[in-house]
Every structure is written in structure tokens, then in C-alpha cells.
Protein chains: 2
Amino acid sequence: MAKRKSKTAKHEPSSATRQRRRAEIIDAAAHIFARRGFHGASTQDIADVLGVRQASLYYYFPSKEVALEMVCARGVEGFVEAAISVTETPGTAAQKTAGLIQSHLNPLRDRRDYVNVFLNERRHLPTESRRRIGRHSRAVEKIFQDVLRAGVEDGEFRADLDTRLAALAILGMVNAVAAWYDKERGAPVERIAQEFAALVLDGIRKKSSRR
Amino acid sequence: MAKRKSKTAKHEPSSATRQRRRAEIIDAAAHIFARRGFHGASTQDIADVLGVRQASLYYYFPSKEVALEMVCARGVEGFVEAAISVTETPGTAAQKTAGLIQSHLNPLRDRRDYVNVFLNERRHLPTESRRRIGRHSRAVEKIFQDVLRAGVEDGEFRADLDTRLAALAILGMVNAVAAWYDKERGAPVERIAQEFAALVLDGIRKKSSRR
DNA sequence: TAGTTTATCTATAGTACTATAGAAAAATCC
DNA sequence: GGATTTTTCTATAGTACTATAGATAAACTA
């Protein structure tokens, strides 16, 4: 009679269908949060997207903040996975740098709402989850920085390079794409990645006019 | 007896002291908006900073949205003025590019709250003022792009440079500084500007290892 | 198909926020 | 110092939003 799956929950199964529905709701939340911002979005807005009543969302989530956390998590995970995938493939530091730029732009195209919410709304997370997300974020920064440092150490990159500043510069550059990227009409991410990699590796100056 | 300075206002002078008080309030608003975001901030929060009652703010501003507009305006103006000042000084395209980077970082240090609100909250402005702010923003982009194009045309920069993408890349890079810059403990903006300019002009790759 | 579980609905308590009205106080003017 | 103007205050109307409680409906199980 008494089942003992979870200690406290009264009636909250965790079937596959339930997980699927949760994902749909997170998706709607990502959409709304990306457009109106966390505090500017109401749970009613999210419910409207799904065609259900506002209160129904609370069958799946304990609070709006938890929904934000899940959106941010999926956003940052995209970046983490992209960066890790590059570290796992062999190549020169220059190739890896170009790879990091390219890979970072993929989630930006494929999970745009999630990524934008992560970038713009994570600061509105409650302290604890903000820290957790922040750790992932810093892990990405570290991967960028490590690639640059390796490049300096093996003489491929300039010896005087400040790898921390350079990593932040590159990340700022690629993250900014989220603000203006247009899937329909703009250049494809491959194009952007190529241009950015060229800029980062060799700069905009013509070789012949170098001092 | 009847004074005719403004047609509709009942009792709203525009003396210098009033303007000074307005500026104080905008400053408090910038501070709060930067920290909590526009929708996450309440007019009560702003009043608390100033040590006055929430309703007193409405003697100076007709709405919270108008306060946001003034903060954003002052933020973007900093960038516009910085960029214009560079176009007015002579120099090579490379020098101007470095100048744009340096100048752009100044308001970021001196008007940090305003700049951050402009960057992160302008999308919550009502349509009309968002357009107005957007025009200023695009004017800055145009200045960056024009400098790059001039550099390409006189052979100083690579002929295959996509000046639009490069301009957006550079702006993304410098704007991102607003998110992590630490006045107290981090590197001074001059240092950052130098490192960024080097990256943009000549890249991170060591010259000898160029193909 | 009766019983049980899962999902959504209605209704609302409780809270918070913007903006307005009008009184009071402070500053300024003559 | 009395009148006038400027500034801030108290009080609140009106609205919106999160989250909970409990009632139904739909889906599943035996």
C-alpha cells in the first residue's frame, strides 16, 4: 500500500512522460525568460505559451526560480560540452583555439534561448544555484585559458600574452554573438567562427605592414 | 500672475537645484538597476538609497521607465562621446583602432552602473526610447566599422577583412569587460586596452610561426 | 469497468509594486 | 514675518504576481 520511492513527495512520479513534459515547460520558460528577462516574465506568460493554466506549472516545478536554474544549467552545459569536446581532439594550439570558437557558437545557434538566459539572467539566480552555474562558467574560461597557455608554452603563441585577459576577450567576443545573431538572415556560425578565429590568431593588420 | 513656462505642468520648476536632485536620483536608479535589473528593482529600492519615501521620486520622474531611459541614455552617450573623440584625432587606422578600444573602456570605468544598465537593460525600454537609444548604439558600431574599412582601403588592414563582423567582435570584447572589471583589484583599463589592441591588431600567434 | 494514479483546473490567500492625491513641512521671496 | 513656492510626506487605489488548496478530469491498471 504505502510506496516508498520518495520520502516527502505526496504524488509526484518521475516517469519518462513526466520528464518530457518538464522539458516542454523548461523550453517555454527559456523562450519567455529570453524575451522578457526573469523578473519581467510572469508564470502566466509561460503558461500561455503552453496553453495551460498558470497554476498547472507548479505540478512540475516548485518555483519560478527553479525553472530559471534549469534553463541556465542547460545553457551553460552547452558551452561546457562544446569546450570539452575540443580538448578531447588533437591538434595545435591554434587549431584548438579555432575549435573552441567554432564549438562555442554551436549551442548559441542550437539552444539560443537557453544560452541567452544563461548569459543575461544568471545573476538573478539565488545564491546557491548561481554559484553552481558560476563554477561551470569558470570551467569554460579555464579551458580557453589552458589552451592559450599551452600555446604560449610551446612557442606557438606570443610569449607576452596575458592568457587570462585573452581568454576573457575571446569569450566576450563569441558570447556577444548571442545578442545579434540572426539564424534566418545573417551569416552562418561557421562563417562567423572563421572570421573570429582569423582575428584572434593573426589580427586584422596586414602582414606586410607589420613593424 | 500666471506664468507661462510650460503649458501643462502644474508646479514643476526646472531650476539648477532641481536638475542636481534629478541627477542624484538617476544615479541611485543606475546603481539599483545595475544590481537587480530593471524589473527586479523597485522604486522603493531606489528611494532607500536616497533616504526618502518611495512616492517622493515621482516629484522628479513620471515613471520608472523614464528613469530607465535616462540611465540608458547617459550610458550610451559615454560610448558615443568616446568614439567620436577618437575620430577627431589624427592617426593611422591601427592607432585609431587602439584608440577606440581605449576610449570605450573609459566610460566603463567612470560610469560603470550606467554602462551596465545600458548594456543589459535597454531591451526593457518601451519601443520608442529603445529605438532612440538603439540609434546611438548603432552610431558607435558605425564608427568602429568605418575605422576598420578605412584601414582596409588604405592597405593597412587585411583586404579580406569583414569589417562588420570585426567591428562587432571588437565591441563584444570590450563590452564584456563591464561584466568582470574590478576597479579595486583588477588590471587598470589602460592595461586591458593595450592587451586587447594587441590581440585585435596582430593576434595571439607568434610572428615567426605564421604560415 | 471499478479503482488508482496522473495531470490539469478553479479559486484564492497573501504579498508586492506603481502611481496618484492631497497634506505637511521646508525653503525662498518680498 | 507673512505669503508663495518647492519639496517631501502619509495614505491608498488599483493592479499584478507567486504559490497553495482542493476539486475535477483524463489516463492507466487489473
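What's counted below: heavy atoms across the whole structure, side chains too, no hydrogens, waters or symmetry copies. Chain identifiers are assigned alphabetically (A, B, ...) following the order of the sequence lines, protein sequences preceding nucleic acid strands; residue numbering begins at 1 within each chain.
- In this structure, B:Leu50 places its CG atom 15 Å from C1' of D:dC9, rounding to the nearest Å.
- Side chains of A:Ser137 and A:Arg122: a donor on one and an acceptor on the other come within 3.5 Å.
- Here the rule is side-chain contact (heavy atoms from CB on, under 4.5 Å) with A:Glu141, and of A:Ile170, A:Leu168, A:Asp146 only A:Leu168 fits it.
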(message) Treating primed atoms plus P, OP1 and OP2 as sugar-phosphate and everything else as base, which nucleotides of nucleotides 14-20 of chain C get B, S or - for protein heavy atoms under 4.0 Å?
(response) ---SBBB
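- Remark: nothing in residues 24-31 of chain A comes within less than 4.0 Å of DNA chain C through any heavy atom.
- Distances shown here put a side-chain N or O of B:Arg21 below 4.0 Å from the OP1 or OP2 atom of D:dT8.
- A salt bridge links A:Asp113 with A:Arg35: the closest approach of a Lys/Arg side-chain nitrogen to an acidic carboxylate oxygen falls below 4.0 angstrom.
- Considering only side-chain N and O atoms, A:Ser56 lies nowhere under 4.0 angstrom from the phosphate OP1 or OP2 of C:dA7.
- Nearest heavy atoms, A:Ala167 versus A:Leu148: N-CD1, 3.5 Å.
- In this structure, the side chains of B:Thr43 and B:Tyr58 come closer than 4.5 Å at one or more pairs of heavy atoms.
- One distance of note links CG of B:Leu68 with CZ of B:Phe118; it measures 11.5 Å at 0.5 Å rounding.
- A side-chain donor from one of B:Ser42 and B:Asp45 sits under 3.5 Å from a side-chain acceptor of the other.
- Within the 4.5 Å cutoff, side-chain heavy atoms of B:Tyr60 are placed close to those of B:Arg18.
- Minimum interatomic distance between B:Trp180 and A:Arg164 (heavy atoms only, all atoms of both residues): CE3-NH2, 4.5 Å.
- In this structure, OH of A:Tyr59 is placed 4 Å from P of C:dA7, rounded to the nearest angstrom.
- Within the nucleic acid shown, A:Phe61 has no heavy atom closer than 4.0 Å to any nucleic acid atom.
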What donor-acceptor contacts under 3.5 angstrom involve side-chain atoms of residues 182-200 of chain B, with partners at least two apart or in another chain?
{"residue": "B:Asp182", "atom": "OD1", "partner": "B:Glu184", "partner atom": "N", "Å": "3.0"}
{"residue": "B:Asp182", "atom": "OD1", "partner": "B:Arg185", "partner atom": "N", "Å": "3.3"}
{"residue": "B:Asp182", "atom": "OD2", "partner": "B:Arg185", "partner atom": "NE", "Å": "3.3"}
{"residue": "B:Lys183", "atom": "NZ", "partner": "B:Arg109", "partner atom": "O", "Å": "3.3"}
{"residue": "B:Glu190", "atom": "OE2", "partner": "B:Arg109", "partner atom": "NH1", "Å": "3.3"}
{"residue": "B:Arg191", "atom": "NH2", "partner": "A:Asp162", "partner atom": "OD2", "Å": "3.2"}
{"residue": "B:Arg191", "atom": "NH2", "partner": "B:Glu195", "partner atom": "OE1", "Å": "3.4"}
{"residue": "B:Glu195", "atom": "OE2", "partner": "A:Asp162", "partner atom": "N", "Å": "2.8"}

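- The two residues B:Val86 and B:Thr89 come nearest to each other via the heavy atoms O-OG1, 2.9 Å.
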Restricting to nitrogen or oxygen on both sides, can you table the protein-nucleotides 22-27 of chain D pairs closer than 3.5 Å?
none

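- The side-chain contact (heavy atoms from CB on, under 4.5 Å) search around B:Val66 returns B:Phe61, B:Pro62, B:Ser63, B:Met70, not counting sequence neighbours.
- A:Tyr60 has its OH atom 11 Å from the P atom of C:dT6, to the nearest Å.
- Atom P of nucleotide D:dC28 and atom CZ of A:Arg18 are separated by 16 Å, given to the nearest angstrom.
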Report all interatomic pairs (protein N or O, nucleotide N or O of nucleotides 22-25 of chain C) with separations under 3.5 Å.
none

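- Pairing each heavy atom of B:Arg36 with each of A:His39, the nearest pair is O-CD2, 4.1 Å.
- In this structure, A:Arg53 reaches the C:dT10 phosphate: one of its side-chain N or O atoms is under 4.0 Å from OP1 or OP2.
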